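A quick note: this is a predicted structure, and the numbers were derived from the prediction, not measured. When a residue number appears, it is its place in the shown sequence, counting from 1.
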Amino acid sequence: MVVVTAMPLLPSTPAFAVEKNPDGTVTVRIHELAKSKELENKLAEAGVKAVIDYLPDGQNCQLDRGETVPAPVDPLQDTEEDGTFLIDPKSLEPDETLVIVMHFKHNDPSKGFGGGVGIVRGPVAPCVPEPMNHERGPDGGGPVS
């Protein structure tokens, strides 16, 4: 998985917006870490198979959620706008799923601050929250360097 170190959110509603761009990329704007299943459905409509999990600070999903695919390119492209990123659906094979885990502070979903991104081939196991192991890194992957 790739580490996302910071993700300032946009202070407005709705919780998110998904827009398909003329070049085939998908713009995602996250205002609040809420309604992850609805976001997954909107991304699917835009051609991106994704699993999204939001967790409080200090927790992470279990390490083994499926066959991790080394991504030659980060599937998320940052933009100049806080809480906004681009996804290129062509960066995913048909049997691959984009997995995004994002964290929030002080039990407040409007205060997102980071997480991890990865690609899994085949089925993705549901997130089982566990205490964050800082030796594994914030994305659940290898050690922090």
Side-chain angles (χ1 to χ4, degrees), residues 1-130 132 136-142 144-145:
M1 288 197 163
V2 175
V3 177
V4 177
T5 56
M7 178 62 75
L9 303 179
L10 301 168
S12 62
T13 55
F16 64 86
V18 174
E19 179 183 337
K20 191 153 188 175
N21 301 311
D23 66 357
T25 60
V26 177
T27 300
V28 179
R29 290 178 182 83
I30 297 181
H31 307 285
E32 182 177 9
L33 300 183
K35 302 182 180 181
S36 62
K37 297 305 172 206
E38 288 180 30
L39 176 54
E40 289 174 10
N41 291 336
K42 288 292 184 188
L43 286 170
E45 290 173 14
V48 178
K49 186 163 63 168
V51 171
I52 314 270
D53 294 297
Y54 300 142
L55 296 170
D57 184 21
Q59 290 188 356
N60 212 349
C61 298
Q62 78 280 14
L63 182 58
D64 185 16
R65 295 190 68 190
E67 180 189 344
T68 303
V69 176
V73 177
D74 187 349
L76 300 184
Q77 302 165 28
D78 288 327
T79 67
E80 297 292 319
E81 272 183 74
D82 283 348
T84 303
F85 54 89
L86 295 175
I87 303 172
D88 186 352
K90 293 178 283 200
S91 68
L92 299 169
E93 296 295 327
D95 63 340
E96 295 176 346
T97 302
L98 181 66
V99 178
I100 301 174
V101 178
M102 295 180 74
H103 303 278
F104 54 87
K105 291 184 178 183
H106 312 296
N107 290 322
D108 184 349
S110 69
K111 296 182 179 173
F113 72 93
V117 178
I119 298 173
V120 171
R121 180 175 291 120
V124 179
C127 177
V128 176
E130 57 185 30
M132 188 177 290
R136 283 194 350 213
D139 66 340
V144 176
S145 51

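- The closest donor-acceptor contact from the side chain of His103 to the backbone of Gly58 lies at 3.5 Å or more, if one exists at all.
- In plain terms, the two heavy atoms of Val26 and Pro89 that are nearest each other are CG2-CG, 3.9 Å.
- A salt bridge links Arg121 with Asp95: the closest approach of a Lys/Arg side-chain nitrogen to an acidic carboxylate oxygen falls below 4.0 angstrom.
- Shown here for Thr97 and Gly122, the closest heavy-atom pair between the two residues is OG1-O, 4.2 Å.
- The salt bridge (Lys or Arg N to Asp or Glu O under 4.0 Å) check on Lys42 picks up Glu45, with sequence neighbours excluded.
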Go through the steps for Thr68 and Val99 under the test side chain to side chain contact (heavy atoms under 4.5 Å, CB included), then give the verdict.
CA-CA 10 Å; Thr68 303; Val99 178; over 6 Å; no
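- Counting only heavy atoms from C-beta outward, the side chains of Leu43 and Leu98 never approach each other to under 4.5 Å.
- In this structure, the side chain of Arg29 does not engage the main chain of Thr84 through any donor-acceptor pair within 3.5 Å.
- Asp23 contributes a side-chain N or O that, together with a main-chain N or O of Thr25, makes up a donor-acceptor pair within less than 3.5 Å.
- Here CG of Leu33 is found 12.5 Å from NZ of Lys105. Values are rounded to the nearest 0.5 Å.
- Gln62 places a side-chain N or O within 3.5 Å of a backbone atom of Val128 that can act as its donor or acceptor partner.
- Not counting sequence neighbours, the partners of Lys37 by the salt bridge (Lys or Arg N to Asp or Glu O under 4.0 Å) test are Glu40.
- Inter-residue side-chain proximity for Tyr54 and Ile30 is flagged as met; some heavy-atom pair is nearer than 4.5 Å.
- If you run side-chain contact (heavy atoms from CB on, under 4.5 Å) between Val101 and each of Val51, Asn60, Ile52, Val117, only Asn60 comes through.
- At a threshold of 4.5 Å between non-hydrogen side-chain atoms, the residues Ile100 and Met102 count as touching.
- Residues Gln59 and Met132 have side chains not in contact (no heavy-atom distance under 4.5 Å, counting atoms from C-beta outward).
- Between His31 and Pro14, the shortest heavy-atom distance links the atoms CD2-O, 2.7 Å.
- Here the straight-line distance linking atom CD1 of Ile87 with atom NZ of Lys20 works out to 11.5 Å at 0.5 Å rounding.
- Distance check: Thr27 OG1 to Phe85 CZ gives 10.0 Å after rounding to the nearest 0.5 Å.
- Nearest heavy atom pair, residue Cys127 against residue Arg65, reads N-NH2, 3.3 Å.
- The two atoms that bring Lys49 and Leu92 nearest to each other are O-CD1, 4.1 Å, heavy atoms only.
- Scanning both residues, Val69 and Val120, for their nearest heavy atoms gives CG2-C, 4.3 Å.
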